[in-house]
Amino acid sequence: MPLCTEAFIRWGEKAFQSSFCTVALHWNATQMKMFKGNERAEIKADGLLKRNISTLLKKPNNFIKIIKCFEEFSFWANACLLPICSLYGAAVTTVEGVGSTKTRIHPVQERLAKCHGSQCGFCTPGMVMSIYTLLRNHPEPTSEQMIAALAGKYCHLLVCRCEAFLQVLCESICCQRKANGKCCLDQEDDLFDNKEEKVSTSLFSTDEFQPLDPTQELIFPPELMRMAENQPKRTLLFHGKRVTWISPVSLDELLDLKAAHPEAPLVVGNTSVGPEMKFRGVFHPVLIAPARIPDLNVLKYTDDGLTLGAACSLSLVKDTLTNAIVEFPEEKTRVFHAVLQQLRTLGGEQIRNVASFGGNIISRKSTSDLNPVLAASNCMLNLASRVPLSDTYMSALHLAQGEYVSAFRQAPRRENALPITNAGMRVLFEEGTDIIKDLSIFYGGAVSTTVCAKQTCWTLIGRHWNEKMLDEACRLVLKEIALPGSAGGENIDYKKTLMVSFFYRFFLEVSQSLKTMDPCHYPGIPMEYRSVLQDFKTRMPQKPSQSPQDPVGRPIMHQSGLKHATGEAVYIDDLPSVDGELFLAAVTSSRAHAKIVSVDTSEALKAAGVFDVITAHDVPAANEFYFSDDPEIIFARNKVICVGQIVCAVVADSDVHAKQAAAKVKIEYEMLEPVILTIEEAIKHNSFFEPKRKLEQGNVDEAFETVDNIIEGEICIGGQKHFYMETQSMLAVPKGEDKEMDMYVSTQHPAIIQEIVAASLGVPANRIMCHVKRVGGAFGGKILKTGLLASVAAVAAHKTGRAVRFILSREDDMVITGGRHPFIAKYKVGFMNDGKIRAVDAKYYINGGCTPDESVLVAEVSLLKMDNAYKIPNLRCWACVCKTNLPSNTAFRGFGFPQSGLVTETWITDVADKTGLLPEKIKEINMYKKNEQTHFKQKLDPQNLIRCWNECMEKSAYYSRRTTINELNKENYWKKRGIAIVPMKFPFGLGTPYLSQAAALVHIYTDGSVLLTHGGIEMGQGIHTKMIQVASRELNIPMSCIHFCETSTTTVPNACASVGSAGTDVNGMAVKDACQTLLKRLQPIIKKNPTGTWNDWILQAVSNSFVLICFVIMQTVIGFLLVDFVSSIRGYNEYMDWEKGEGQPFTYFLYGAACSEVEINCLTGDHKNLRTDIVMDIGCSINPAVDIGQIEGAFVQGIGLYTMEELKYSSEGVLYTRGPDQYKIPAVCDIPEQFSVSLLSSSQNPYAIYASKGIGEAGLFLGCSVFFALRDAVTGVRNERGLKKTFALNSPLTAEQIRASCADAFTEMVIEGRGRGCLTIAG
C-alpha cells in the first residue's frame, strides 16, 4: 500500500502485527541488475554503557561478524542494542580482541593514545572500534567516511565531555592514511606564538608508530563458515526464564507465529523494543526475530524502481541508494536523493548498521524521518497477513518528467537527533508548464503520526508555481495542520514556522529546477537566495600541528592512554564481582514537594532475587548533614522536596531484579504547597538560601546621573547537566571486622566520601577506606551528591553484611543529580556616547535547587568574576540563591563564571548596539589596560590579557574577515554569517587556603622503582601524567621508573577535592617537595659515588641501613622510612572579606581570547560553526598536548552550554530531557571546521608549579564567542529587514530562538494565525 495518508500509520501498525515485507521506491527506468543478496556481514559493537548488557558480554565494545553467505564485510554496532540471541553464528570481538598491552596493541589503539586522543578514556574503546572497522573496510577512507565512523558513540553519536575532539578526528585516522609516507599533520607550525622559542616540531612522532601487522588481524572463524555453509536453515528457538526468542526462516512461518502471538513484537535492530524494555519497563514474553527470512531481506531493482526488504539495515539501504545515484541519471533517482538526505543524519553509523528500514517506518511513527518522504513519493508498502486487511490499496506512480521530490528536517542537533519537525514534499507539473498537476505535502514530528496536508494539496492543483501560490499554500498549511498543546516543553510556534519554512525551501528548490529545465520561461530564484538550498555539512576539522618544547613541557602521552585504547582501563563497574555481591536500585520521589504518607515495600520484598529494602530507618547514625542552615539528606524521611529525591533503595542479587523490585515500591503522597520550580516563583515566594552576597565599588547612583545613556536588560541562562560518560558509580565492600569498609567510588573528593559515609554509619573515619583509580568524567558533579549516594550503598552494605554495587543508569543519574545553575540576570548600564561604561548595577538570581550544596559559593564566584576583562569604575552587583523544588544544583566546570561572564558580554554588546559602534571597539575601550585593582580591590596586571586579545585579532584576521562576511551577507538572503571575538580574564583560586591544600607520598623501592601517590583525582585532565613528569624531573630518573597506583584515603588523608583547575598546582608542589626531600637525604651517598647510577645509590642506602623517620604535619602526623616521604602543601593564601567587599580570593589570573565565525540558516534556525581561533595564556605548560585537549574540550562544552543543551521540565517538576535521545550535547558536527588553539609565549607564573597555570576550566567560557557570533548574524538579518526594535537572546541560543529572531513573513503568519484563533496553540 502507498505511504500516503494517516491510514498508512494505522495500517502500518496492523501490518507490523502481521508482517511488513517490503518497501518499493519507484521510478521509470529500465530493469536494473539484480543486487547480489545473501552476503556475509561483520558487525562491530561499540557500547559505552559499561555492564549495560549483562546478557551479551562483560565489555560492551564488541566486534561481531555475522555469516550470511559468501562475502565478508565489517560493520560495528552498540552492544547495548544487540540481544545475545541475535548473535547466533556470529564471531564476536571486543576491543580487547583488537589489541592488548599484554600481547600487542593495534596501530589504531597506538595512534589514538600517542596522538593524545584520550582524556578520561571512558569513550575511547568505542572510538577504537569505529576507526578499526572503518579501516578494515576502507584502508584509504574519505573524509566523509571518517566523519560517519566517528558520528556514532554513546548510543547514538560521538559525544564526549572531555576527549580532545580534533586529535581523535584528525590524528588517529589521518596518520593511518599516509599514502605518501607523511602524515597530514606533519607540519612545522609551532604551538607557541614566538617562533624563536620553538623546540619541537610535532605533538608526536610518526616514526614511533608500529606498522600494521596483517597477522594481527582477526580472520573469520572457519568453524562458523562451515556451519553457515553446511547446516540447513532452521528456526532458532531460545527459552529464558521469562522470555522466549524465536527466529523463523520463512514468511509463512512468521505469519503463523504472529497469529499465535499477536502481541509479540518483531525485533531486527532492537533500536525500538530494546530501549522500551530497558528504560520504560515494557515486558514482552515472546520476541520474534525475522532478520533471517529471505523475503524480508530482498533488495532488487525492477522496471518500476527499487524494492527493499523490511529487514534490510539502514546502512545497506543507504549504500544501495548511493550506488544507484552514481550509476543512473539524475531524473531517475530524485526519490533516492531525498531518502538519502534523511538517512545521512538518521542515527549514527552503528545504529544504521543494525536498525531496519521497516522498523523505522513502523515503530518511529511521527519521529520517522523516512515516512514523510516515502509517503510523498508514493512509495508502496507491501503487506502480508493472516488477517484480512481492509481499505488497503496499491499505487504504482512512476516519477515522470516535471516531477520533483524533497525531504527536510530540523532537530536539536544536526546529526543523530530526533526531529523537531520533518517533511517530505512532491510536486508534478502539467507537461511543459508550471501548473500543478499533483502535489503531496507530508509532515512528521508535529503530531502523533505522519500527517498529510490533503486539503491544501487539492486546493493548489491547477495553480501556477509562483509567489501567489506560495503565500496561499503557507496559509492553508497553517490552517489545516492543527498541532496539539505543548508537551515536553515543545514550542508550537517554532514547529509551525518550520512547516511553512520547509514549504518555502521546497518552493525555491523547484523554482530553480524549473529554470534549469527551461531558463527562457522560468526566472528561477535570486542569486542571494540560492545558498539556502545547500544544507550544512559536517566536514573534517582542520588545524595546524601544534608543537611544544627533561619531560616537563613536552607533550607526553596520557599515562593510561594505551589502557584506554585497549579497554584495559578499569572503572568502578569494571571491578570484579565480590562473593555475595548485591545490586542496589534507588526508589525516587515522583513529586516535587509532598508529605510521605506511606511507603509500601511488601510487593518489592516478594520479588525475585530481592534481599532487602533500605530506608532512612536503617541509617545507623547521621541521615542529614548540615554544611549550612539547610541539610543535605541521604534518604527522605517524612517529606520529599524534589522529583528524584531518594526515598528508599532495593538490594537484590542482580541489577535487573533490583530495578524490577524498585518499580513495585508504592509511595503515597500528600501534596504540599508551594511547589517552586522557577526563579520567578522563588522570587514571588521569597524563597532564598542565605546569605545573599553583594559587591560594590565607586558611587553607582551618582554615576548614573552623569552618563549620556542608560540601558536596562535581562537575560535568562539555562542550566546544564554534567553528562559525564561514567555515571555515578560506587561499590561498598564491608571488611567483616572492626566495622571497616572499602568504598570504591567514582568521585572527585575521596575525603568527603570517607567523611559522609563514616558519619552515616556512626564509625570513625579511619574505618572507611575510599579508593579511586580513575573517573570517567566529573566536571564538578561528583563531590557532595556522590557522598550521599555512596552512603546509600554503604548503609545497604552495613545492613546486609554484603558488598553492594550501585551504578546509576543515565536516566536515573540525570533525574537524581543537579547540574549547572540556571541564572536570571537583570542589569542597568550607564555609558557615554563614545562607548565608555561608567556604571553598572546588576542582580543575579540563581536557581540553587532544594538544598544548598555549593550554590552560595557559586554565587560568590559569579560576583567576583563578573567584570571579566573590563574595568568598570562604578559597579554594584547582588547575587541571590533561590531555593526551589528541583534537585540541588552544584559545582560545574567554570563555577559561576560562564553565567556571569555571559551577562557581562551581553551588556557590552547592548552598549555597542546603542552607540552604533562595533562590539570589539566597546570591549577595547573598557578593557583593563594597566596595573590596577579589581572591583574587590585585588591587584591586577593585564599585560597578558592585552597580548591575548591582540594576537587573537591578528591570528583570526578579524577585520578582514568581518569585511568579507559583510559582503557575503549582502549576497545571501536566507543564510547569514556572523563573527565575534571575546576576551577573558579568569581568576584562579578557591577562596580559602584549606580548599587548596594537598599531600603526596613517594616510595622508593630497592630496585630503584618509585611508587607515587598524591591527593589528586584523574578525571581525564592528565593529573597523574603530569605528577609523574614532575617526579621524573625532580628525581632525575625516567618516567618509566615511576608508577602511580590509585588515590586513596589510606595513603593520603584529608586531601582537598580535585576542583577549580587546582589539582596540578597544589599536588604538583607536594610531589616536588617530597621528591626534593628524598633526593636531599640521598645526597651523602651520591657525593661518595658521583658516577653511580640511581639503582646503585638506592641499593647503597638500603645496605647501609640508612633509615630515617620523617614526620610531616597535615592535620595528622605521619611517619615513614628513608624511602617513603610524604609532603604536604598548605595551599595558597587566599581570603575574601564579604563585609568589606574586598580581599585576595585569587592567586593569579589566566587570560585568553577566542574569535568564532558561524553561519545560520534563517529558514530553520540551524547553524554551522565555521571557524574558531583561541589564544590562551596558561603560563609554561607542563604537558601542552594534555592542556590543548583541555582547552578544546572545555570550549566544546561551552558551545553546548550556550547554544544547544536545553533542560525541560514539566509543571510538576519532572525532567523531560533525561537521556541522550532528549538531551543533546555537542558532537562531531558541532566542532568548528577550522579550529586553532595557540598558547601565549613568554608567559610566567611565579605562584604555581614550574610557572604553569591551572587550565581545566577557563576555556569553557570562550564557547560564548559562538553565542555572540550567532547574535551578530541575527543582528545582520534584522538590520537587513528593517527590524530596529531591541531584541534579547537567552542561553542556550537554540535553533528555535534563532529562527524566531529572524522574523519574516512566515513567522508573521504564525503570529497572525495565533491572533485569529484558528490554530491550536499551547496553553
Side-chain angles (χ1 to χ4, degrees), residues 111-124 127 150 153 158-175 185 191-192 200 202-204 541 543-548 551 553-565 569 724-725 774-779 893 1018-1027 1029 1058 1061 1063-1064 1150 1152 1154 1172 1174-1176 1178-1179 1181-1200 1225-1228 1230-1232 1235-1239 1252-1260 1262-1263:
R111 282 158 172 75
L112 194 61
K114 292 184 177 179
C115 296
H116 318 292
S118 174
Q119 290 189 20
C120 86
F122 201 80
C123 306
T124 309
M127 295 180 182
L150 287 172
K153 276 187 59 249
L158 169 59
V159 291
C160 186
R161 281 303 205 190
C162 60
E163 306 289 33
F165 277 94
L166 292 185
Q167 279 85 340
V168 174
L169 279 168
C170 302
E171 290 143 2
S172 61
I173 300 181
C174 291
C175 290
L185 296 182
L191 169 69
F192 297 94
S200 174
S202 177
L203 279 178
F204 53 88
K543 71 166 188 172
S545 175
Q546 297 176 318
S547 50
R554 295 190 179 277
I556 302 300
M557 180 182 69
H558 195 290
Q559 178 229 9
S560 297
L562 290 175
K563 292 188 283 290
H564 292 160
Y724 24 65
M725 292 296 102
R774 61 177 58 83
V775 174
F779 314 110
R893 197 178 200 169
E1018 176 59 64
M1019 305 173 281
Q1021 83 280 37
I1023 188 172
H1024 295 341
T1025 307
K1026 289 183 175 181
M1027 295 306 98
Q1029 287 179 267
S1058 292
S1061 308
T1064 296
L1150 295 91
T1172 293
I1174 297 175
V1175 177
M1176 287 288 287
I1178 63 169
S1181 174
I1182 294 176
N1183 190 326
V1186 169
D1187 289 341
I1188 289 167
Q1190 287 287 289
I1191 295 167
E1192 290 175 352
F1195 178 84
V1196 174
Q1197 195 171 38
I1199 290 177
I1225 70 174
V1228 171
D1230 302 297
I1231 303 172
F1235 195 2
S1236 171
V1237 177
S1238 301
L1239 306 184
S1252 64
K1253 293 186 177 183
I1255 189 57
E1257 294 184 294
L1260 189 141
L1262 294 178

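- A side-chain donor-acceptor contact under 3.5 Å links Gln1029 to the backbone of Ile1182.
- Considering every non-hydrogen atom in both Phe1235 and Val1196, the closest pair reads CE2-CG2, 4.4 Å.
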Under the criterion side chain to side chain contact (heavy atoms under 4.5 Å, CB included), I'd like the reasoning laid out for Leu562 against Met557: C-alpha separation, chi angles, the key distance, then a yes or no. CA-CA 9 Å; Leu562 290 175; Met557 180 182 69; 3.9 Å; yes
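- Applying the side chain to side chain donor-acceptor pair (under 3.5 Å) rule to Glu1018 yields the partners His558; only residues at least two apart in sequence or on another chain are considered.
- Note that CD1 of Ile1174 and CD of Glu1192 are 8.0 Å apart. Values are rounded to the nearest 0.5 Å.
- Here CD1 of Ile1191 is found 4.5 Å from CE of Met1176. Values are rounded to the nearest 0.5 Å.
- Looking at Thr1025, its side chain does come within 3.5 Å of a backbone N or O of Gln559 through a donor-acceptor pair.
- Contact between Phe1195 and Pro1232 at its shortest, heavy atoms only, is CE2-CG, 4.2 Å.
- Listed for the Gln1021 side chain is no donor-acceptor partner under 3.5 Å among the backbone atoms of Gly1256.
- Take Ser560 and apply the side chain to side chain donor-acceptor pair (under 3.5 Å) test, not counting sequence neighbours, and it matches Arg774.
- Across Cys123 and Met725, no two heavy atoms sit closer than the pair SG-CG, 3.1 Å.
- We find that Asp1187 and Lys1253 are not joined by a salt bridge, their nearest charged nitrogen and carboxylate oxygen being 4.0 Å or further apart.
- Under 3.5 Å, the side chains of Thr124 and His564 contain no donor-acceptor pair of N or O atoms.
- Across Ser118 and Gly121, no two heavy atoms sit closer than the pair OG-CA, 3.6 Å.
- Here OG of Ser1181 is found 8.5 Å from CD1 of Ile1255. Values are rounded to the nearest 0.5 Å.
- Judged by distance alone, the side chain of Ser1058 and the main-chain N or O of Gly1063 form no donor-acceptor pair under 3.5 Å.
- Atom OH in Tyr724 sits 13.0 Å away from atom CE in Met1019 (nearest 0.5 Å).
- Rounding to the nearest 0.5 angstrom, the gap separating the CD1 atom in Ile1188 from the CG atom in Asn1183 is 9.0 Å.
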